[in-house]
Amino acid sequence: MHYTFMMKTAVIPQVRVDPELRAELDSVLLPGETLTDFVEASVRNAVEFRRVQTDFATRCNASLAQYERTGISAPADAVLSKLEAKVAARVKQLRK
């Protein structure tokens, strides 16, 4: 037997804002974009941003704990060089 699971949608609570903010919001909507579309996209982006922040903080805490246990760390120059190389590679990729 095959079952299809359909999740019910949920509603995000209404938020009261100043008329100025609402007017500013309306002014930045893309053609054909609804307020609902904008709010959903904004919430999704905020959730992903928080997830990335949390993951980063978790990695930082683990790295700090490892340093506190071992006393061994990477020199700042080496870390910055690696990051600069990653940025340069990504810029090169995006320019193609």
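Hydrogens, waters and symmetry mates are skipped; everything else that's a heavy atom, side chains included, is used. Residue indices begin at 1 and follow the sequence shown.
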Side-chain (Ser63) to main-chain (Arg59) donor-acceptor, under 3.5 angstrom: no

Which atoms form the tightest heavy-atom contact between Ala74 and Val79, and what is the distance? CB-CG2, 3.8 Å

Criterion salt bridge (charged side-chain N to carboxylate O under 4.0 Å, His left out) on Asp26 and Arg22, from CA distance to verdict: CA-CA 6 Å; Asp26 288 336; Arg22 175 58 194 257; 3.1 Å; yes

Indicate yes or no: at least one non-hydrogen side-chain atom of Leu35 is less than 4.5 angstrom from one of Leu25. yes

Per the side-chain hydrogen bond (donor to acceptor under 3.5 Å, both in side chains) rule, what does the pair list look like for residues 67-88, sequence neighbours excluded? none

Trace of the side chain to side chain donor-acceptor pair (under 3.5 Å) decision for Thr58 with Asp55: CA-CA 5 Å; Thr58 300; Asp55 292 347; 5.3 Å; no

Could you tell me whether Glu33 atom CD has more than 12 heavy atoms of other residues or ligands within 6.0 Å of it? yes

Within the side chain of Ser27, is there an N or O that forms a donor-acceptor pair under 3.5 Å with the backbone of Glu24? yes

Is it true that Val15 and Leu21 fall in one hydrophobic cluster, defined by side-chain heavy atoms closer than 4.5 Å? yes

Flag the pair Val87 / Leu83 as yes when at least one side-chain heavy-atom distance between them is below 4.5 Å, and no otherwise. no

Between Thr34 and Leu29, which heavy-atom pair has the shortest distance, and what is it? O-CD2, 3.9 Å

So, are Glu48 and Arg44 salt-bridged, with charged N and O less than 4.0 Å apart? no

Cluster check Val47, Phe38: I/L/V/M/F/W/Y, side chain < 4.5 angstrom: yes

